[in-house]
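Fair warning: this is a prediction, and the values are worked out from it, not measured in the lab. Within every chain, numbering begins at 1; the chains are lettered A, B, ... in the order of the sequence lines, protein sequences first and strands thereafter.
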There are 2 protein chains.
Amino acid sequence: MAMRDAAVDERDGRARLFHQVVVDLCRLIRDGQFRVGARLPAERELAERLGVSRPSLREALRALEVSGIVESRHGGGTYVRDAFDPGFISPLALALEATGDATGDLWEVRIVFEPPIAARAAMRAGADDLTRLEALVEQMFELAPDLARNDHILAVDREFHAAIARASGNSVAVRVVQLINQVLFDSRRHFTTSLERRLQACARHREMFDAIRGRDPVAARDAMLLHLHEVEDYILGGLDGKHRRGLERGDAVADARHLAAEQWVQASGSGMFAGEAKEGKIS
Amino acid sequence: MAMRDAAVDERDGRARLFHQVVVDLCRLIRDGQFRVGARLPAERELAERLGVSRPSLREALRALEVSGIVESRHGGGTYVRDAFDPGFISPLALALEATGDATGDLWEVRIVFEPPIAARAAMRAGADDLTRLEALVEQMFELAPDLARNDHILAVDREFHAAIARASGNSVAVRVVQLINQVLFDSRRHFTTSLERRLQACARHREMFDAIRGRDPVAARDAMLLHLHEVEDYILGGLDGKHRRGLERGDAVADARHLAAEQWVQASGSGMFAGEAKEGKIS
DNA sequence: AACAGCCAGTGGTCAGACCAGTTCAGAGGC
DNA sequence: GCCTCTGAACTGGTCTGACCACTGGCTGTT
C-alpha cells in the first residue's frame, strides 16, 4: 500500500551471474559474433568461454529462450532466433497463466495495438511481405472448408497477423503481436468455428491484404479493427457458461471498450493517415 | 527463407521439465495457492514438492522472473509479484540488447500504445489511481529544478506512465508499458535535459492528469501523444552524432510515423471516445 | 545408390556441496 | 525496560561432475 516514496528504485548494481551472462550473450549476438540463425557453441564450451558454470549459463539461456532470442533443441544445439520470425515460445505469455484470466485485457491490447500496426504495414510493406501475406490468405481460403483442421487454420490465421506486424517493419511490434496472439489463439484451440464464420474471417483477411497492397493505411486499419471485433463477438456469443468465466469481469469493461472502438471506426474517415493514403476513401 | 509451408508448427507435446514446472507454478499462483506478494517455499523444499531437482526448478524460476511474475532476493526468498506493480526487471527488454538498437521501433510502439491507454485510464481510473497520479505529478514538479537528480526524475516520470497504464485497469497494458519504458528510460539515464524542457514535461503530465481526473479520454489521449512527440523531438534534436546512430535507420520511418501521428491528433476531435467524454472538446 | 545401424556430440536432468546474503531471536550494554 | 549488537539458521547463488536422451552424420552393408 501507501506510496513508499513513489519511484526511486536504486537499481542495485550487483547483478546476478546469469544476468551478466545474458547481457554478454546479447552483446555477442548484437555485435555479429553469433549471427541470426547460427548455432551457438555447445553449452559446455560456451560456459567455459564465458567463465561460468553450465547451470549459470543454462539459466541465462532459459531467460533468452523465454524472451524469444534463442532456441534450444534437445541434442541439436542452441540457435539464435530471427527477431522477425514468428513462432517463438512464451515471454510474458506465461503471465496469463499466473495472472488468472487476462483474456479480456489481452483482447483490449490486441484491439488497441494491431489496427495501427496494420496501417503501418500498408505504408511500408515490401515485396516479400506482400508475397507472404497473399500466400497466407490463399492458404486460409483453402483450409476453411475443412472443419476438422481447426488447429491448422488457427496457425495460419495467427501467422497472417504476425506477417502483418512483420510488414510494419517494427521488430518490437512483431514480438508484441506474437506474444499476445500466442495466448489468445491457444485459448481457442478447442473452439471450433462455423464454416460461415471462417469464410467471413477469410474475406476480412483478404480485405486487409488488399488494403496493404494498395498502400491504404486507413482501410488496412479499419479492416483489422472490424475483423477483431467480429472475432471477439463470435467468441463471446458462442461461449457456454463454463468457458465464459474468464470474461465475466470484463463485461463492463468490454462495453466501454466496445463503444470506444465503434466510434473509432466511425471516426476513421476523417483524415488519420490520409496523407499517406493517396486517395482518401472517405467512407 | 522461402515459406516452409507457412505456419504449421506442430507444438511438440514433449515439454521440457522446466517448462512443465513453469506451468505448474503458474497454476498454483493462479489458484491462490501462492498469493500476490507472498513468499514461495524455499527452493529446496519447492523442488522436492514438485518432484524436480533444484537446477530444474531454478530454470523455471528464472523464466518466471524474466517474465515479471516472481522476484528472487538473495538470501531473502522468492516472492510473487503483483501484475499491476511497476518496476519489474526484464522480459523482452533483453530483446533490445540483442536485436541491436530497437530504439526507433520501441518509440513507435510507445506512441501507438500509450495514448489509447491514457484514454482508457480517463474512463476507468479509480480514486486511488487519481491519488497516485497526482502525487507523482507534484513530485515531478518538485524535482524538476534539481538538475543533478536526473535519474530520480526519470524514475518518477516512468512511474507516472506506469501509473496511467495501471489506471487503465488493464494488467497486460501495464506490463507492456513497463517493458517498453524500461528500455527507453534506461537509454536516457545519461542524457540530461534542460530546465525548460523539464517544466514542459511536467506541464504535460499535469495536463494528462487533469484530463484523466476530468474523465476526458480524448484530452488524455491527445496530451499523451503530444507529450511523447515532444520528448522524442527533444531527444532527436539534442543527440550528437555518436549517440544518434541507433536512430539513423529510423529517419524515414520517423517521418512517416510523425506524419501519421500528427494527423491522428488532428482527427482526434471527430468523435472517438466522444460517448464517454461528456462535453466533446472539438478542437 | 540406398538403406540401416552406430556413435560422437549436444542438450536435459540430477545429486550434493559450498558460498553469500538475509533474517530474527537472544545476548549484551545503556 | 529499551536499544544495539551478534550469530546461527535459513535462503538464494554458484559450482562440480555425473548420467540420460535425443540428433545427426558417418560407416558399413546390401
Side-chain angles (χ1 to χ4, degrees), chain A residues 4 9-25 28-29 34-35 37-81 88-90, chain B residues 4 9-25 28-29 34-35 37-81 88-90:
Chain A
R4 49 145 211 238
D9 223 15
E10 302 300 61
R11 277 275 152 275
D12 37 10
R14 46 95 191 176
R16 282 170 299 171
L17 231 201
F18 96 92
H19 189 269
Q20 185 56 49
V21 173
V22 163
V23 172
D24 287 346
L25 285 176
L28 287 172
I29 293 172
F34 304 132
R35 302 197 164 281
R39 192 173 87 173
L40 264 49
E43 292 187 354
R44 291 162 179 85
E45 182 192 337
L46 195 53
E48 186 181 14
R49 202 196 295 189
L50 294 174
V52 301
S53 68
R54 195 148 86 102
S56 291
L57 171 66
R58 279 181 62 79
E59 287 187 26
L61 288 178
R62 284 301 80 72
L64 290 175
E65 184 165 26
V66 152
S67 297
I69 295 172
V70 303
E71 175 187 17
S72 291
R73 301 173 202 159
H74 190 174
T78 303
Y79 295 79
V80 180
R81 290 196 96 102
F88 74 83
I89 320 178
S90 55
Chain B
R4 49 143 210 236
D9 224 15
E10 302 298 60
R11 278 274 154 271
D12 37 12
R14 44 96 191 180
R16 282 170 299 170
L17 231 198
F18 96 92
H19 188 269
Q20 185 55 48
V21 173
V22 164
V23 172
D24 287 347
L25 284 175
L28 287 172
I29 292 172
F34 304 131
R35 302 199 164 280
R39 192 172 87 172
L40 265 48
E43 292 187 355
R44 292 163 178 82
E45 182 192 338
L46 195 51
E48 186 181 14
R49 203 196 294 189
L50 294 174
V52 301
S53 68
R54 193 147 87 101
S56 291
L57 171 67
R58 280 181 62 79
E59 287 187 27
L61 288 177
R62 285 301 79 73
L64 291 174
E65 183 165 27
V66 153
S67 298
I69 297 172
V70 304
E71 175 187 17
S72 291
R73 301 172 202 158
H74 190 174
T78 303
Y79 296 78
V80 180
R81 292 196 94 102
F88 74 84
I89 319 178
S90 56

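- Within the 4.5 Å cutoff, the side chain of Glu59(B) has no heavy atoms near those of the Glu65(A) side chain.
- A close approach under 4.0 Å does occur between a side-chain nitrogen or oxygen of Arg16(B) and OP1 or OP2 of dG12(C).
- Nearer the 5' end of DNA chain D, as judged by each residue's closest nucleotide, is the contact made by Arg39(B), out of Glu59(A) and Arg39(B).
- Between dG17(D) and Arg44(A), no contact under 4.0 Å exists linking OP1 or OP2 to a side-chain N or O.
- As rounded to whole Å, 16 Å separates atom C1' of dT14(D) from atom CD of Glu43(A).
- The CD atom of Glu71(B) sits 13.0 Å away from atom CG of Leu64(B), with the distance rounded to the nearest 0.5 Å.
- Looking at the side chain of Ser72(B), the nearest of the listed nucleotides dC15(D), dG12(D), dG11(C) is dG12(D).
- Distance CD (Glu71(B)) to C1' (dT22(C)): 14 Å, rounded to an integer number of Å.
- One interatomic measurement links the two molecules: CZ of Arg58(B) to P of dT14(D), which rounds to 6 Å at whole-angstrom precision.
- Straight-line distance from the CD atom of Glu48(A) to the P atom of dT10(C): 13 Å, rounded to whole Å.
- For Ala42(A), counting side-chain heavy atoms from C-beta on, the closest listed nucleotide (dT13(C), dG13(D), dT10(C)) is dT10(C).
- In this structure, Pro55(A) and Gly76(A) both approach DNA chain C, and ranking their closest nucleotides by distance from the 5' end singles out Gly76(A).
- Rounded to a whole Å, the CG atom of Leu61(B) is 12 Å from the C1' atom of dT11(D).
- Contact annotation: Thr78(A) side-chain N/O to dG11(C) OP1/OP2 distance is under 4.0 Å.
- Ser72(A) and Arg16(B) make their closest contact through CB-NH1, 3.7 Å (heavy atoms, listed as atom of the first residue, atom of the second, distance).
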Could I get a table of every N or O pair under 3.5 Å where one atom is in the protein and the other is in nucleotides 4-6 of chain D?
none

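- In this structure, CG of Leu17(B) is placed 18 Å from P of dG11(C), rounded to the nearest angstrom.
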Anything under 3.5 Å between a donor and an acceptor, one on a side chain of residues 47-55 of chain A, the other on a protein residue two or more places apart or in another chain? List them.
from	atom 1	to	atom 2	distance (Å)
Arg49(A)	NH2	Glu45(A)	OE2	3.2
Ser53(A)	OG	Ser56(A)	OG	3.4
Arg54(A)	NH1	Glu43(A)	OE1	2.6

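- A donor and an acceptor atom never sit less than 3.5 Å apart when one is taken from the side chain of His74(B) and the other from the base of dG21(C).
- In this structure, Val23(A) and His19(A) have side chains that are in contact, with non-hydrogen atoms separated by less than 4.5 Å.
- Rounded to whole Å, the distance from CZ on Arg54(B) to C1' on dG17(D) is 17 Å.
- Using a 4.5 Å cut-off on side-chain heavy atoms (C-beta onward), Leu25(A) and Leu46(A) make contact.
- For dG12(C), neither phosphate oxygen OP1 nor OP2 lies less than 4.0 angstrom from any side-chain nitrogen or oxygen of Ser56(B).
- Here the closest heavy-atom approach between residue Gly37(A) and residue Tyr79(A) is recorded as O-CD2, 3.6 Å.
- Taking atom CG on Leu50(A) and atom C1' on dC15(D), their separation rounds to 15 Å, with Å as the unit.
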